[in-house]
2 protein chains.
Amino acid sequence: MTEPTESKPFAQSFDSLETLAETINEVLGCPVTIEDAGHRLLAYSAHDPQTDSARLATIVGRRVPENVIASLRRDGVIQRLADSLEPIRVPPIDEVGFSGRLAIAIRHKDAVLGYLWLLESGKTLGGRELELFKQAARAAADKMVRLQSAPRKIREGLRDFMWMLLHGQFGSEAAIRDKAEQIGLALPAEWHVVVVQAAGAIDEREEQRLLDRVAASRSVRTVLHAVDRAQAILLCAPLLAETDRRIYAREAAAFFRRLCRGEEDGFRATVGGSAFGQQYAETASRHREALTVLRMKRTYPRETETVFHYSDLGYYRFLPAIAAQIGGERFPDEALARLRAYDREHDANLLSTLETFLASDSNAKTAAEALHVHANTLSYRLKRIAEIGGIDLADMDQKVSLYLVLKAERWTGG
Amino acid sequence: MTEPTESKPFAQSFDSLETLAETINEVLGCPVTIEDAGHRLLAYSAHDPQTDSARLATIVGRRVPENVIASLRRDGVIQRLADSLEPIRVPPIDEVGFSGRLAIAIRHKDAVLGYLWLLESGKTLGGRELELFKQAARAAADKMVRLQSAPRKIREGLRDFMWMLLHGQFGSEAAIRDKAEQIGLALPAEWHVVVVQAAGAIDEREEQRLLDRVAASRSVRTVLHAVDRAQAILLCAPLLAETDRRIYAREAAAFFRRLCRGEEDGFRATVGGSAFGQQYAETASRHREALTVLRMKRTYPRETETVFHYSDLGYYRFLPAIAAQIGGERFPDEALARLRAYDREHDANLLSTLETFLASDSNAKTAAEALHVHANTLSYRLKRIAEIGGIDLADMDQKVSLYLVLKAERWTGG
DNA sequence: GGTGACTTTGTGCAATTTCACAAAGCACCC
DNA sequence: GGGTGCTTTGTGAAATTGCACAAAGTCACC
């Protein structure tokens with residue numbers, strides 16, 4: 001009494017790879033994992049009573065751990081899977097917490113699209129079940145091909161949409177909302193632009209890896225994205241719409257900071273985020289903000305170390321305008337000019353002393369340490385600075401004026 | 001053997017009042033002074049061996065000293081001069097160093113245009129000489145009438161020129177130089193624009209009084225001037241071209257500050273000066289700078305008390321740009337927003353405390369005094385400010401950011 | 001090679017600032 | 001009317017800072 005659905009459970013079309021994974025799990029009674037060719041997790045059956053640590057790590061990291069892949073490769077498992085059309089029984093590898101699997105390559109026209117793994121918990125599957133397993137792999141291949149081709153068009157539509165937003169090519173906010181609805185994109189109420197600056201040009205694979213990493217953050221969602229040479233431009237929003245903006249901001253900053261430091265899979269980059277926006281018509285402005293953050297981080301690396309969002313920049317965000325204004329002025333700052341002249345003529349360093357002193361919040365001790373000089377040396381220099389520059393170092397207005405000009409000069413590239 | 005020129009030495013036309021003064025001196029052998037109706041010095045004979053202190057003071061100050069005028073008026077001398085067509089012998093007034101004169105009013109159609117003074121050094125003039133003196137007064141009247149009408153046209157030309165400069169109506173610097181040459185105006189190499197803001201509209205008489213006061217400064221020269229309702233716009237330069245710019249800047253600032261305080265003849269005004277310029281094509285920019293100084297003085301009266309030149313403004317000159325940028329931003333400063341909310345809800349004054357503290361150069365003692373609170377009160381409030389606002393009050397960058405936003409808010413008019 | 005101006009470092013005292021703690025005032029709520 | 005939390009003021013000890021002075025090093029100039 002084997003009904004057709006019983007005998008051919010994988011002849012149907014599946015909603016998603018997750019549904020397929022669950023179906024396999026139901027039919028064969030084992031935990032299932034579906035990976036792509038790069039061992040990235042595509043889907044897995046949930047609610048499995050037993051799961052070894054390798055599988056757990058794969059699910060948590062959304063990728064098979066590096067050491068597991070290395071072991072499998074060393075043992076020739078990956079090679080055999082690539083060569084064979086049949087399921088292969090992979091023995092346990094205890095060192096990496098891998099308890100043995102039944103595995104098969106997911107193929108389409110000779111190409112390996114991915115892998116289907118089955119954790120035979122206790123039992124051993126027989127001939128008919130192996131046949132079902134092969135059918136499942138074929139179903140996975142079908143689904144993956146369809147997923148790949150359908151989203152490609154959607155993805156291109158999204159990319160175009162992103163570029164249009166970035167170039168401000170929509171007449172109005174309403175036009176943007178219409179277009180989004182048309183391509184079936186739900187626009188979050190609040191979002192920000194994040195620009196990831198890599199060392200070299202970003203290709204599609206690297207872009208995908210970046211997106212995967214962001215997805216793995218479990219807090220940041222990439223709504224739209226585009227790549228411009230070495231920069232990936234992401235329009236991000238909280239994964240959960242109900243997340244408080246401040247909490248999300250902190251999480252996002254923390255995540256991208258980890259990403260920059262290369263803590264996420266060795267990827268090294270510089271990241272700048274815009275302020276938060278509600279109006280999508282302002283995407284170009286937000287993009288510019290993110291780029292400004294990046295440039296700030298290049299110009300003032302030490303000072304902006306902890307900065308991620310544009311709004312974290314504080315007064316630094318005024319420096320471009322200030323530098324522009326100073327550029328248009330004919331008169332140099334008298335005090336700084338005198339100090340500079342003195343430095344030049346006497347090979348001194350009053351200017352850098354002043355800057356460090358100001359940056360140290362006028363704390364003589366801290367500044368002396370930062371300069372690696374004796375406190376009295378600093379005190380002496382400050383006296384000279386006050387004399388030569390005609391500066392009152394106990395006057396906030398004078399200090400702010402000097403500080404801003406010094407900072408702005410660095411922005412200009414003096 | 002009296003030749004015509006000997007018998008009628010004042011029948012000729014004189015180049016200037018100075019030439020006339022020298023001629024009178026030659027003919028009558030006495031020091032001569034020519035004044036206008038307001039007792040301003042118009043011309044005097046130079047190289048006089050003896051001169052009393054009243055005359056000396058008149059020449060130096062280019063005006064008869066106030067106390068001398070007062071004495072003469074009290075003694076009825078001015079009145080008698082106004083009434084009489086004949087020369088009057090004025091007795092000495094020792095208290096004011098006035099050693100006695102022969103004097104006559106310079107008249108034209110019943111109006112007194114000025115006065116001609118002769119210091120009879122030792123001798124006493126006889127009938128024929130008195131007649132010559134009367135003729136000299138008539139010659140002076142002729143010259144003054146002609147001088148008055150001729151300069152009126154020139155003056156109008158200068159005024160037009162000034163307005164054209166202020167409105168940037170010249171195509172090039174060369175065009176400006178050409179025009180200046182054409183109207184016979186020597187343009188100083190370095191100059192600045194000064195705007196004097198009076199309480200009410202400035203009429204011609206007040207303008208003239210202002211110009212006289214500037215002339216009396218003995219350091220500032222008004223090259224060009226114009227009036228726009230309550231504002232007099234002066235294009236000023238050092239009286240002596242060789243004066244060092246810095247010294248001149250100090251003198252000009254000191255003079256205009258005195259003027260503002262009403263120390264010069266009770267005239268009360270606000271004054272703003274531009275930075276120094278060399279290019280006359282930039283007059284409009286310089287004018288804008290002077291106006292900016294004026295507005296700054298209105299917005300930040302305490303902070304800009306000692307400011308006169310635009311370049312004295314320090315970072316204040318960046319505030320318009322900063323305020324504009326903040327105005328375009330959607331995100332408020334989080335820390336300040338929280339402090340403001342706390343102030344509102346608890347009727348506290350953390351924000352003003354913060355501002356005073358920052359303005360006091362983070363000096364707790366000074367700030368406490370400025371706020372009229374106990375030092376510990378301030379210390380407590382600062383702790384709360386740090387907590388509530390999430391501010392590190394020992395971080396220069398944070399402090400500058402807060403300070404600038406607070407200042408910019410005042411510029412915007414918050 | 002000496003001289004003098006400028007700079008750096010070291011030392012120690014006096015003054016000031018900072019901070020913890022206590023007490024008291026005040027508004028608000030139950 | 002009393003409790004509670006926030007705020008202000010007062011006190012004194014501890015820590016820090018400011019400053020004068022001395023000594024020594026550096027460099028240019030004669």
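Numbered from 1 within each chain, the chains take letters A, B, ... in sequence-line order. Computed from heavy atoms alone, side chains included, the values below leave out hydrogens, waters and symmetry copies.
Aromatic pair A:W411/A:Y316: centroids not less than 6.0 angstrom apart.
In this structure the side chain of A:I385 reaches within 4.5 angstrom of the side chain of A:L382, judged on heavy atoms.
Following rounding to the nearest Å, A:L393 (CG) and D:dC19 (P) show an atom-to-atom distance of 12 Å. Separating the NE2 atom of B:H374 from the P atom of C:dC19 is a distance of 15 Å, rounded to the nearest angstrom. Regarding A:K365, its NZ atom lies at a distance of 17 Å from the P atom of C:dT17, rounded to whole Å. For the pair A:H372 NE2 and C:dT9 C1', the computed distance is 17 Å after rounding to whole Å.
Using a 4.0 Å heavy-atom cutoff across all strands shown, B:A375 reaches no nucleic acid atom at all.
For B:A394, the side-chain contact (heavy atoms from CB on, under 4.5 Å) partners are A:D361, B:D392, not counting sequence neighbours. Checked against side-chain contact (heavy atoms from CB on, under 4.5 Å), B:A189 has no partners two or more places apart in sequence or in another chain. Evaluation of the ring pair (Phe, Tyr, Trp, His ring centres under 6.0 Å) rule for B:F308 yields B:F256 as partners, not counting sequence neighbours. Remark: B:S274 pairs with no residue by the side-chain hydrogen bond (donor to acceptor under 3.5 Å, both in side chains) rule, at least two apart or across chains. For B:Y342, the ring pair (Phe, Tyr, Trp, His ring centres under 6.0 Å) partners at least two apart in sequence or on another chain are B:H346.
Ion pairing of A:E303 with A:K407 is present here, as a side-chain N (NZ or NE/NH1/NH2) and a carboxylate O approach within less than 4.0 Å.
Near DNA chain D, meaning a heavy atom under 4.0 Å away, the residues from residues 376-384 of chain A are A:N376. In the region residues 335-362 of chain B, proximity to DNA chain C at under 4.0 angstrom, judged on heavy atoms, holds for none of the residues.
A donor and an acceptor atom, one from each side chain of A:D397 and B:Y300, are nowhere located under 3.5 Å apart.
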Could you run down nucleotides 22-30 of chain C 5' to 3' and tag each one B, S or - for protein heavy-atom contact under 4.0 Å? ---------
Going 5' to 3' through nucleotides 25-30 of chain D, assign each nucleotide B (protein heavy atom under 4.0 Å from a base atom), S (under 4.0 Å only from sugar-phosphate atoms) or - (no protein heavy atom that close). ------
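Applying the side chain to side chain donor-acceptor pair (under 3.5 Å) test to pairs two or more places apart or on separate chains, those with a residue in residues 245-257 of chain A are A:E190-A:R245, A:H192-A:Y248, A:R246-B:E334. For residues 310-322 of chain B, the pairs satisfying salt bridge (charged side-chain N to carboxylate O under 4.0 Å, His left out) are A:E329-B:R317, with sequence neighbours left out.
Checking C:dT18, D:dG18, C:dT17 against the side-chain heavy atoms of A:A364 singles out D:dG18 as nearest.
One N or O on the side chain of B:R268 and one on the backbone of B:R261 form a donor-acceptor pair closer than 3.5 Å.
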Review item, side-chain donor-acceptor pairs of residues 364-371 of chain A, under 3.5 Å, at least two apart:
residue : atom : partner : partner atom : Å
A:T366  : OG1  : A:N363  : OD1          : 3.1
A:T366  : OG1  : A:N363  : ND2          : 3.3

